[in-house]
*Asks:* 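Before I ask anything, let me first share the structure, which is written out below as structure tokens.
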Amino acid sequence: MKNRFAPREGRHLATARANSVWAVLGLVLGMQQAVYAQAQAQAATAASAPAASASAPVSSSWLRMPRLQGRLSAADLGLLINTADPYSVAIGAYYAERRAIPEQNIVRVKLPLRASLSADEFSSLQAQIQSQMGPQVQALALAWRQPYAVECNAITAALGMGFQPEICAQSCVPSKLSPYISYQGSRPFSDLGMRPAMMLAARSIEAGQALIDRGIAADQSLPAFTPVNAYFVSTPDAARNVRSSLFPPATALRPWGIEVKRASSQALPALQRTLVYQTGLIRVEGLSAVDWVPGALADHLTSFGGLLEASSNEGQMSALDWLEAGATASYGTVSEPCNHRQKFPHPQILLLSYVQGVTALEAYWHSVAWPGQGVFIGEPLAAPFAPKFGQP
């Protein structure tokens with residue numbers, strides 16, 4: 001772990017942009033109005049303040065969330081397949097069939113099989129997408145596990161928001177604010193001119209197919225008779241535990257059958273029917289023992305979780321390990337972000353977006369204010385809280 005990941009004076013000072021990120025969350029989520037209305041000011045202060053220590057107080061109330069409108073469907077999703085990559089060809093074909101992706105939404109490209117693209121290579125990829133993807137495509141699924149970066153940017157963020165070369169000059173500074181953080185619709189390309197992206201990444205074709213199957217199994221599966229659990233786990237790692245101040249209070253979200261639980265990594269209970277697992281550590285042990293439900297979201301705050309090749313992650317756990325264990329989507333950074341909380345998924349926004357019926361791609365993109373260095377991986381269309389047919 002690099003020393004510069006630890007907080008330093010001046011590195012994590014809030015900016016005007018950071019203050020505005022959380023201030024936009026001003027509408028009340030209807031079913032939980034009384035619960036969420038208490039905490040917007042507290043959440044805005046916590047999210048835009050300098051990085052906290054491991055002993056920072058955990059949030060005692062819920063922030064307010066906007067009411068999200070609609071969700072992405074297979075007809076909205078563009079699928080990129082790298083013809084130079086056997087994994088990509090196989091997973092792209094499997095995903096197109098299983099999710100019924102329209103043929104006009106599929107673009108085949110030829111990319112080098114390495115972790116990162118150069119700026120020029122990325123510019124060529126962008127040009128192909130712009131010329132071949134129709135305006136109906138609102139978001140992207142990348143059917144590969146590499147490349148996952150564009151120089152020091154994450155490829156999903158570069159495709160969604162454009163390449164940010166300034167990050168490479170000083171990776172610890174605030175990066176570009178995502179317009180998606182305050183977006184409430186389901187047509188981001190039509191409304192914002194951006195296509196949020198997620199990688200269908202796995203370590204083998206079989207694992208990639210299993211990931212896709214989990215995403216499909218998740219659809220409209222919740223709430224169920226047996227509650228699911230959202231675990232927010234604090235750790236003694238001061239630099240990586242900074243999100244603990246944003247963890248939600250332990251409570252039951254009864255309309256969605258969710259038990260929100262806070263725990264310590266030093267006294268972790270058996271993780272049953274796990275829908276969300278968020279923590280902050282170099283490596284998270286015991287993932288094989290977690291009981292995952294289809295559609296589960298999981299990530300850990302660390303410097304290099306987004307380096308998807310095990311040989312290049314400087315000893316830190318890859319976000320791919322979450323998917324290999326049974327989660328359906330995850331997130332990690334590809335270059336040293338320092339521990340700005342805005343560069344990682346906000347725990348409450350992630351959960352409160354997901355329960356509104358949006359997809360895993362949308363929930364994760366809603367939760368990250370500065371996603372320039374973060375790669376989103378998983379099955380994009382998984383939507384366990386999507387309304388069943390005939391329901392509003």
Side-chain angles (χ1 to χ4, degrees), residues 1-8 11-15 17-18 21 47-48 50-51 114-119 121-122 125-126 140 142 145-181 194-199 201 239-240 242-243 278 280 282 299-309 312-320 322 329-346 349-350 361 364-378:
M1 171 182 150
K2 296 184 178 179
N3 290 335
R4 58 181 176 161
F5 189 85
R8 291 183 181 176
R11 180 167 290 161
H12 309 298
L13 294 179
T15 66
R17 289 191 303 166
V21 170
S48 60
R114 61 172 185 266
S116 180
L117 298 179
S118 68
E121 289 168 333
F122 177 71
L125 173 61
Q126 271 191 316
L140 299 173
L142 317 183
R145 60 175 170 261
Q146 60 174 333
Y148 51 79
V150 181
E151 297 187 4
C152 66
N153 287 213
I155 194 169
T156 51
L159 287 169
M161 297 171 53
F163 176 58
Q164 301 176 58
E166 62 275 14
I167 294 175
C168 301
Q170 192 174 358
S171 69
C172 280
V173 300
S175 54
K176 184 179 178 182
L177 173 65
S178 170
Y180 204 84
I181 190 76
M194 68 178 293
R195 289 184 173 117
M198 179 171 276
M199 295 178 63
R240 296 176 175 84
V242 294
R243 280 191 303 183
Q278 287 190 304
I282 293 177
D299 59 78
H300 60 305
L301 191 155
T302 195
S303 294
F304 301 112
L307 302 188
L308 303 184
E309 299 302 303
S312 62
N313 67 4
E314 301 200 14
Q316 298 185 32
M317 187 180 104
S318 168
L320 270 182
W322 292 106
S330 188
Y331 174 93
T333 48
V334 304
S335 59
E336 177 60 71
C338 293
N339 57 352
H340 288 285
R341 288 169 290 186
Q342 295 94 332
K343 293 184 179 183
F344 295 88
H346 188 296
I349 296 175
L350 180 68
L361 181 153
Y364 258 122
W365 268 86
H366 276 302
S367 72
V368 185
W370 300 339
Q373 294 158 266
V375 63
F376 299 88
I377 63 174

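As the structure is a computational prediction, the values presented were derived from the model and not from experiment.
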*Asks:* So, H300 side chain and Q278 main chain: donor-acceptor pair closer than 3.5 Å or not?
*Replies:*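 A pair under 3.5 Å: no.
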*Asks:* Hey, does M199 have a side-chain heavy atom less than 4.5 Å from the side chain of V375?
*Replies:*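 V375 reaches M199 side chain to side chain.
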*Asks:* Could you state the interatomic distance from CD1 (I282) to CG (L301), rounded to the nearest 0.5 Å?
*Replies:*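 Rounded to the nearest 0.5 Å, the CD1-CG separation comes out at 12.0 Å.
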*Asks:* To the nearest 0.5 Å, what is the distance between OG (S318) and CD1 (I377)?
*Replies:*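 One finds 6.0 Å between OG of S318 and CD1 of I377.
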*Asks:* So which heavy atom on G372 is nearest to which on S175, and how close?
*Replies:*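 The answer is N-OG, 4.1 Å.
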*Asks:* Please report, to 0.1 Å, the donor-acceptor pairs under 3.5 Å made by any side chain of residues 151-169, with sequence neighbours excluded.
*Replies:*
| from | atom 1 | to | atom 2 | distance (Å) |
| --- | --- | --- | --- | --- |
| E151 | OE2 | A119 | N | 3.2 |
| N153 | OD1 | Q164 | N | 2.7 |
| N153 | ND2 | Q164 | O | 3.1 |
| T156 | OG1 | G374 | O | 3.3 |
| T156 | OG1 | F376 | N | 3.2 |
| Q164 | OE1 | K176 | N | 2.9 |

*Asks:* If you define the side chain from C-beta out and look only at heavy atoms, does anything of V368 sit under 4.5 Å from F344?
*Replies:*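 Not touching, per the 4.5 Å side-chain cut-off.
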*Asks:* Tell me the closest heavy-atom pair linking P345 and D299, and the distance in Å.
*Replies:*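 Of all heavy-atom pairs spanning P345 and D299, the closest is CG-OD2, 3.8 Å.
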*Asks:* So, taking the atom named CG in L117 and the one named CG in L125, what distance separates them when rounded to the nearest 0.5 Å?
*Replies:*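 Here the rounded value is 6.5 Å.
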*Asks:* Mind checking side chain to side chain contact (heavy atoms under 4.5 Å, CB included) for Q146 and listing every partner two or more places apart, or none if nothing turns up?
*Replies:*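 Testing Q146 for side chain to side chain contact (heavy atoms under 4.5 Å, CB included), a comparison that skips the adjacent residues, returns Y148, E309.
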*Asks:* What verdict does the side-chain contact (heavy atoms from CB on, under 4.5 Å) test give for W370 and S178, after you've listed the backbone C-alpha separation in whole Å, the side-chain angles of each residue and the deciding distance to 0.1 Å?
*Replies:* CA-CA 6 Å; W370 300 339; S178 170; over 6 Å; no
*Asks:* Do H340 and Q373 come close enough that some side-chain heavy atom pair is under 4.5 Å?
*Replies:*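 H340 does not reach Q373 side chain to side chain.
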*Asks:* Over all heavy atoms of both residues, which pair between A201 and L320 is shortest? Give the atoms and the distance, please.
*Replies:*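 Smallest interatomic distance, heavy atoms only, reads O-CD2, 3.5 Å.
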*Asks:* State whether the side chain of W365 and the backbone N or O of M198 hold a donor-acceptor pair below 3.5 Å, judged by distance alone.
*Replies:*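 A pair under 3.5 Å: no.
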*Asks:* Do the side chains of P174 and Q342 get nearer than 4.5 Å, heavy atoms only?
*Replies:*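 The answer is no; the side chains never approach within 4.5 Å.
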*Asks:* What I want to check is whether the side chains of S303 and E336 have a donor and an acceptor closer together than 3.5 Å.
*Replies:*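 Yes, because at least one side-chain N or O of S303 sits under 3.5 Å from a partner of the opposite role on E336.
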*Asks:* Mind listing the closest non-hydrogen atom pair of P179 and M194 along with its distance?
*Replies:*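 What the structure gives for the nearest pair is CG-SD, 3.5 Å.
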*Asks:* Give a yes or no on whether the backbone of F304 and the side-chain of T302 come within a donor-acceptor separation of less than 3.5 Å.
*Replies:*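 No, T302 side chain to F304 backbone: no donor-acceptor pair under 3.5 Å.
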*Asks:* The criterion is salt bridge (charged side-chain N to carboxylate O under 4.0 Å, His left out); which residues satisfy it with E121, sequence neighbours excluded?
*Replies:*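 Checked E121 against salt bridge (charged side-chain N to carboxylate O under 4.0 Å, His left out); matches are R114.
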*Asks:* Rounded to the nearest 0.5 Å, what separates atom OG in S367 from atom CG in L350?
*Replies:*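 If I round to the nearest 0.5 Å, the distance is 4.5 Å.
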